[in-house]
Amino acid sequence: MSAITAIKRAQDICDLAPGYIRAIAPYEPGKPIAELARELGLDPNSIIKLASNENPLGVSPLAMQAMQQALADIARYPDGNGFELKHALSRRYAVDASQIVLGNGSNDVLELAARAFLTPGVEAIYSQHAFAVYPLVTQAAGAAGIEVPARDFAHDLEAMLQAITLRTRLAFLANPNNPTGTLMRSADLLAFLLAVPPSVVVVLDEAYNEYLPDDLKADSIGWLTEFPNLIITRTFSKAYGLAGLRVGYAFAHAGVADLMNRVRQPFNVNSVSLAAATAGLDDREFVRRGFELNQSGMRRITQGLAQLGLTYIPSFGNFVSFKVMDAAGVFQRLLKHGVIVRPIASYGMPDYLRVSIGLESENERFLEALRQSLFA
Ligand SMILES: *Cc1c(COP(=O)(O)O)cnc(C)c1O
């Protein structure tokens, strides 16, 4: 049978897509406020969303101003090379602009790493309970995803090393990890990089880096000179409060950055986002306030969880996952109180819920709603 005949005989056009595409389980985002408002007939203003690790302070005023100015020019294509933002990142982090890849969120740069290095027949490794995007981008590239069992919800770097084969091209590490909030020690990460074969690209996802106290931040950028197989990814979605705009970036060896830039869309970051991120990067005061709010909010929420007799996984991000009987039921009852958190059954954690640290008032409302939902 000719290929044309085979195509004509296909029952369903979707059967023609590769099996690995048809098998992709879609990403489950946090429930939007507007959706819950529609479903329960609630006033959107009465709902609090602590489900997507967004910034409770909103947007940096400097970024807001830059966005408004950029709007005047949206008839023009953006700068496809992101000169200004790369220049600002280059100055801040002392990396050459040729080592930077910009993305439509760091999700995009994670996908660019997968597209640059993965094909059917090769493998990517990542930890159990790690960020859901790693298996997604691996599968979309047709590669095999190897999930390595976690240890106490944290990446087991020893086991990850053991999982490397001749087919391994990428290893994804999240530090801190989402949804567990666990952090790898800098010395352990460095030992991992030294032990990994140079033919394996290590993607170190530091989406929550800005929420770490300085003494816990790894000198990951400093490692780039020594490890041409290292890609560091970061984002403007969390500490910079620009989740809706979608801006992320990677630092890598210039050759690796060049490959990633070849597979991206020519204008993958829009002009408003470029302007906002460039201005937001300079708003150190905004990031500092967010850091401090997160520290005190984390103390309050974990203390409140403990008072309710709940166990939680100590977290280094802007969220914390806690264990609860009937997590699905508690999630639903919290929704009725207008509080959206995140069920994480799809991360292999059906007995846990994840809550993002909010404003003081939001944290209090969450704890009170949780108290009522537990003993309902
Ligand atoms: C939120 C998050 C990201 C960032 O996603 P964006 O696409 O930049 O919004 C990346 N990695 C992890 C682990 C995250 O939790």
Side-chain angles (χ1 to χ4, degrees), residues 30 33 45 48-50 52-97 99-109 176 205-214 217 220-221 232-251 267-298 317-319 356-363:
I33 288 177
N45 294 315
I48 60 170
K49 182 181 175 210
L50 300 173
S52 300
N53 304 342
E54 292 150 345
N55 196 321
L57 291 177
V59 183
S60 137
L62 292 186
M64 184 62 101
Q65 199 183 9
M67 270 184 263
Q68 278 158 350
Q69 281 168 6
L71 280 177
D73 247 351
I74 53 170
R76 307 247 174 238
Y77 279 99
D79 172 5
N81 288 318
F83 177 85
E84 298 280 351
L85 179 55
K86 282 187 188 171
H87 190 67
L89 287 165
S90 165
R91 242 182 328 171
R92 165 71 64 84
Y93 294 109
V95 291
D96 196 80
Q99 295 184 271
I100 304 175
V101 182
L102 303 179
N104 185 38
S106 58
N107 202 314
D108 189 24
V109 288
D205 179 347
E206 297 186 326
Y208 300 95
N209 184 262
E210 293 84 357
Y211 288 107
L212 293 173
D214 284 338
K217 285 181 185 163
S220 51
I221 295 172
I232 298 163
T233 66
R234 300 216 182 147
T235 183
F236 285 93
S237 295
K238 309 285 161 57
Y240 290 94
L242 298 177
L245 281 186
R246 319 299 304 123
V247 197
Y249 55 97
F251 294 140
F267 304 106
N268 63 334
V269 185
N270 70 67
S271 51
V272 178
S273 301
L274 285 171
T278 308
L281 188 67
D282 279 337
D283 200 342
R284 310 287 285 255
E285 169 61 16
F286 179 79
V287 174
R288 192 192 55 77
R289 272 204 299 140
F291 170 83
E292 278 165 13
L293 184 71
N294 189 57
Q295 291 276 314
S296 60
M298 180 68 82
N318 64 346
F319 56 88
S356 306
I357 308 302
L359 298 171
E360 245 173 75
S361 57
E362 294 174 323
N363 299 338

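Computed from a predicted model, the values in this text were never measured in an experiment.
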Point to revise | Glu360, CD atom: more than 12 neighbouring heavy atoms under 6.0 Å | key: no
Check your understanding: For atom OH of Tyr77, is the number of surrounding heavy atoms from other residues, nucleotides or ligands below 6.0 Å larger than 12?
Key ->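 Count not over threshold, so no.
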Provide the closest heavy-atom pair for [X] versus [Y] in the form atom of the first, atom of the second, distance.
X      : Y      : answer
Ser52  : Gly30  : OG-CA, 3.7 Å
Ile48  : Glu362 : CD1-O, 3.5 Å
Ile232 : Glu206 : CG2-OE1, 3.4 Å
Ala276 : Ala63  : O-CB, 3.5 Å
Pro78  : Ser271 : CB-N, 3.6 Å
Pro61  : Phe286 : CD-CD1, 4.3 Å

With the side chain counted from C-beta on, respond yes when [X] and [Y] share a heavy-atom pair under 4.5 Å apart, and no when they do not.
X      : Y      : answer
Ser60  : Tyr240 : no
Met67  : Met64  : yes
Asn53  : Tyr208 : yes
Leu281 : Val287 : no
Asn294 : Pro56  : no
Val247 : Leu85  : yes
Asn363 : Ile357 : yes
Leu274 : Leu102 : yes

Revision key, fill the gap. When rounded to the nearest 0.5 Å, the distance separating CG of Leu293 from OH of Tyr211 is 8.5 Å
Revision key, fill the gap. Rounded to the nearest 0.5 angstrom, the CG-CZ distance for Asn55 and Arg289 is 9.0 Å
**Study point:** Residue list, side-chain hydrogen bond (donor to acceptor under 3.5 Å, both in side chains) with Thr278, at least two apart or on another chain
**Key:**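 Testing Thr278 for side-chain hydrogen bond (donor to acceptor under 3.5 Å, both in side chains), a comparison that skips the adjacent residues, returns none.
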Whether [X] side chain and [Y] backbone form a donor-acceptor pair below 3.5 Å:
X      : Y      : answer
Asp205 : Ala207 : yes
Thr233 : Ser106 : no
Asn104 : Asp108 : no
Asn270 : Ser273 : yes
Arg234 : Asn209 : no

Practice item. Give the C-alpha distance, both sets of side-chain angles, the deciding distance and a yes or no for salt bridge (charged side-chain N to carboxylate O under 4.0 Å, His left out) between Glu285 and Arg288. Key: CA-CA 5 Å; Glu285 169 61 16; Arg288 192 192 55 77; 3.0 Å; yes
Review point. Do the two ring centres, one from Tyr249 and one from Phe236, sit under 6.0 Å apart?
Key: yes
